[in-house]
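Read the numbers this way: they start at 1 and go in the same order the structure lists the ligands and their atoms.
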Amino acid sequence: MRTPLVAANWKMHKTVGEAAAYAHAFRALVAEVRDVEIVLAPPFTALHALAGALAGSGIGVAGQDLHAERQGAFTGEISAGMLRDAGAGYVIIGHSERRHLFGETDAEVGAKVRAATGARLVPIMCVGETLAERESNRTFEVLDRQLQAGLAGLAAAAGSLVVAYEPVWAIGTGRNATPEQAQEVHAHIRARLAGVLDESIARTRRILYGGSVKPGNVAALAAQPDVDGALVGGAGLDPGSFAEIVAGTRGLL
Ligand code: PEP
């Protein structure tokens with residue numbers, strides 16, 4: 001069985017002090033949770049402090065991006081090894097804000113996924129279509145292209161891969177995909193994973209849904225057979241609401 005995974009992407013929010021306060025409150029709220037993997041993705045500046053504040057809790061820490069090279073003259077960038085060194089075990093790759101605001105290409109996403117697995121970081125690779133692409137019936141074509149490039153050359157290293165389906169039209173808009181829409185796409189992604197990688201790998205990979213996940217809608221989404229958790233933006237900024245999302249993922253709301 002696949003252990004559900006719930007990750008909060010804090011984006012460009014929270015200072016070191018705010019991250020530590022969140023960790024303190026959140027640890028207490030999820031202290032009994034053993035059946036859901038929980039990950040927090042702070043800004044780089046708070047990563048090391050947050051990992052320290054969460055030590056022994058079982059809650060993981062993720063980078064929000066990385067550079068594909070190991071080191072070098074890449075001003076402003078962070079490598080996979082540096083993320084590990086700072087306490088991360090995961091990294092979000094190819095978030096739609098990186099793709100659309102910063103021009104990240106499918107090929108760059110693929111290089112970053114390979115760099116992450118090479119450094120034994122769990123890549124949380126984001127894919128998703130825009131509203132225009134959905135309305136012109138190109139959702140599956142777009143996802144297939146993103147998956148093909150994002151997983152190129154991965155092969156056996158795909159054992160740790162997590163995919164997050166994040167329809168761009170649902171991110172930060174308050175408009176989430178229905179559970180049925182999410183299930184349809186997740187089943188398609190799993191079938192593509194079997195084609196690009198391997199049947200047995202595809203069966204065991206977690207596919208998260210992201211896009212306006214809230215305490216009130218997470219249970220119905222997580223109840224879908226191919227939805228293995230959530231990648232959460234806005235509702236992950238508050239420890240109470242994120243703890244409720246964890247509870248909803250367990251069917252307890
Ligand atoms: C995200 O940015 O990954 C996201 C899912 O945001 P939100 O939950 O705010 O829609």
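The ligand atoms of ligand 1 that sit less than 4.0 angstrom from a heavy atom of Leu231 are 5 (C). Each of the atoms 7 (P), 9 (O), 10 (O) of ligand 1 lies under 4.0 Å from some heavy atom of Gly172. Heavy-atom contacts of Gly211 reach the following atoms of ligand 1: 5 (C), 10 (O) (cutoff under 4.0 Å).
Of the protein's non-hydrogen atoms, the one nearest atom 1 (C) of ligand 1 is His95 NE2, 3.2 Å. Among protein heavy atoms, the minimum distance from atom 2 (O) of ligand 1 is reached at Lys11 NZ, 2.5 Å. Atom 8 (O) of ligand 1 has as its closest protein heavy atom Gly233 N, 2.8 Å.
Residue Asp228 forms a salt bridge (charged side-chain N to carboxylate O under 4.0 Å, His left out) with just one option from Arg203, Arg190, Arg205, Arg206, and that option is Arg190.
A donor-acceptor pair is defined here as one N or O able to donate and one able to accept, closer than 3.5 Å; no such pair exists between the side chain of Arg27 and the backbone of Tyr22.
Not close to ligand 1: Lys214, with no non-hydrogen atom less than 4.0 angstrom away. Look at Ala235 and you'll find every heavy atom at least 4.0 Å from all atoms of ligand 1. Ala170 counts as a contact of ligand 1, since one of its heavy atoms falls under 4.0 Å from the ligand.
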request  = Report the C-alpha distance between Tyr165 and Gln181 in whole Å, list the side-chain angles of each, state the deciding distance to 0.1 Å, and finish with yes or no for side chain to side chain donor-acceptor pair (under 3.5 Å).
outcome  = CA-CA 11 Å; Tyr165 168 54; Gln181 283 173 324; over 6 Å; no

